[in-house]
Amino acid sequence: MQSFSWIYTQICLMMVKRRTFPLLIASALAVMVYVIFTLPRSQPGNHQHLYPHHISDQSITPVNDTKHFMVGAYKEHRLEGSSVRIISIFRRDSVQPLYCVFYCGTHWANGTKAEVQMHSDHFGFLFVTTDVLCPKHPDCDPSHVTLAIQADAELAQNQTFLRIQNLVKKEEEEFQSNFTVCWSNLFGDYNNVLQVTQTLEMYKLLGVQHVVVYNTSCGPDLERLLQSYTQEGFVEVVPWPINQYMNPSSGWQPSEHGGDIHYYGQLTTLNDCVYRNMYQSRYVLLNDIDEIITPYQHQTLPQMMDVIQRQNPKAEVFLIENHIFPKSQFEPSGRFERPTWRDVPGINIMEHIYREEPDYRIYHPSKMIVRPRAVEQTSVHSVLRNFGQTVKVPPNVCHIIHVRVPLQGGLTKKELHEDKRVWDYERQLVPNVDKALEKAGLLRM
């Protein structure tokens, strides 16, 4: 086949012989445009590809030639000298030097040595939540990043890259949400549909705009419910197939529960959720799916936090006491034994109004409301690194309504406190739960 340049030369000669100079000029301009916009441009270091071949669309991405995994990459606006933070899962007995390789929008940048920060909370499991800090690279405003065992960008180009999130540092008035809830992982056959629906509808009434849940697996009815809320835009489900990469534990002690990582990677998902919403939400609530962080002196969370924040202007982390409402104790009137809910799987929290008094002689865990921009690393019950002050919210102002198996199993109903706070929202809560279940096709009339 004749080359493009030879054919073009012959055409030009013919045009010259026939003195068709305007056509010649137009043809030359067309070829110049073709060359500029379609032919490969040379890049620093003779790197051939103009764009990463493989960009991950998964929540867990293996790091080539290691036993580690990347979860999410986020531009770091708060730390001097750091460009990108990669939330990761590292195998603690297999740490090795790694390099951050950037794609800079128009060119590649050779890797800079990564700073690996394994979190202090790992509970003795083999894998641990890890932050990888990538130093700033001169002449590079990165859009994608990967971790590699070598610094040569040309060798790393065929690896899988992560899209860098939080590229723009938004101000609070630009955020999509004021309050976002981050739920710990779903796994097993969890199908507690009624309690989850009541919890979601309670959070709506309390002023929450967004709920994020990381889902490894759940029961079929709960799957339908979450799909319905996702279509509505209230819930965001992040697939979390951690069982494809390791043996996750269903508990927090390896000696008792076995496995490679704490509670299906709960600590990793909580940290990723904080960074995912850092410039999307003013506050983030970190709690479990069967817990409701509930104000007791205000009607909504925004009203409560406005007061608490004015009283504590430098506070960024707010600890909320967990209070157990035993599911074995029922209120006697039966006013919420609704026939329409009878066939819906799960706990009816409105029937359980008796609360255990926390035993303050032993460790009593809390969950948190945080301003995510002040959090660097978090655990389940407290932050590990943050930039502001931490405040413990008095339980008469706010505490968690947590309907579950009793913690103090020997207590009788008379030894429990009657707490009907959820009933204060009955007028809106009950019909809203009915509508949500009907919309998901789970209400059997």
Stepwise, does the salt bridge (Lys or Arg N to Asp or Glu O under 4.0 Å) test hold for Asp434 with Lys439? CA-CA 9 Å; Asp434 282 343; Lys439 184 179 178 182; over 6 Å; no
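Taking 4.0 Å as the cut-off between side-chain N and carboxylate O, Glu76 and Arg78 count as a salt-bridged pair. Using a 4.0 Å cut-off between a side-chain N of Lys or Arg and a carboxylate O of Asp or Glu, Glu426 and Lys420 do not qualify as a salt bridge. Checked for salt-bridge contact, Asp131 and Arg85 meet the test: a charged N lies under 4.0 Å from a carboxylate O. Comment: Arg276 engages Glu236 in a salt bridge, judged by a side-chain N to carboxylate O separation of less than 4.0 angstrom. Comment: Lys204 engages Glu201 in a salt bridge, judged by a side-chain N to carboxylate O separation of less than 4.0 angstrom. In this structure, Asp419 does not pair ionically with Arg421, as no charged nitrogen and carboxylate oxygen lie closer than 4.0 Å. Electrostatic pairing of Lys67 and Asp93 does not count as a salt bridge here, judged by no charged N lying under 4.0 Å from a carboxylate O. In this structure, Arg335 does not pair ionically with Glu337, as no charged nitrogen and carboxylate oxygen lie closer than 4.0 Å. Taking 4.0 Å as the cut-off between side-chain N and carboxylate O, Lys367 and Asp288 count as a salt-bridged pair. With salt bridges taken as basic N to acidic carboxylate O contacts below 4.0 Å, one links Glu172 and Arg373.
A tilted orientation is assigned to the rings of Tyr263 and Phe187, their planes being inclined by 30° to 60°. Relative ring orientation between His381 and Tyr363 is described as perpendicular, the plane-to-plane angle rising above 60° on a 0-90° scale split at 30° and 60°.
When all heavy atoms are compared, the tightest approach of Ile293 to Tyr203 is N-OH, 2.9 Å.
Every residue two or more places apart in sequence or in another chain was checked for a salt bridge (Lys or Arg N to Asp or Glu O under 4.0 Å) with Arg224, and none qualifies.
A centroid separation of less than 6.0 Å is found between the aromatic rings of Tyr103 and Trp108. Ring pair His53/Phe161: centre-to-centre distance not below 6.0 Å.
When only modelled atom types and interatomic distance are considered, His399 and Tyr296 share a side-chain donor-acceptor pair under 3.5 Å.
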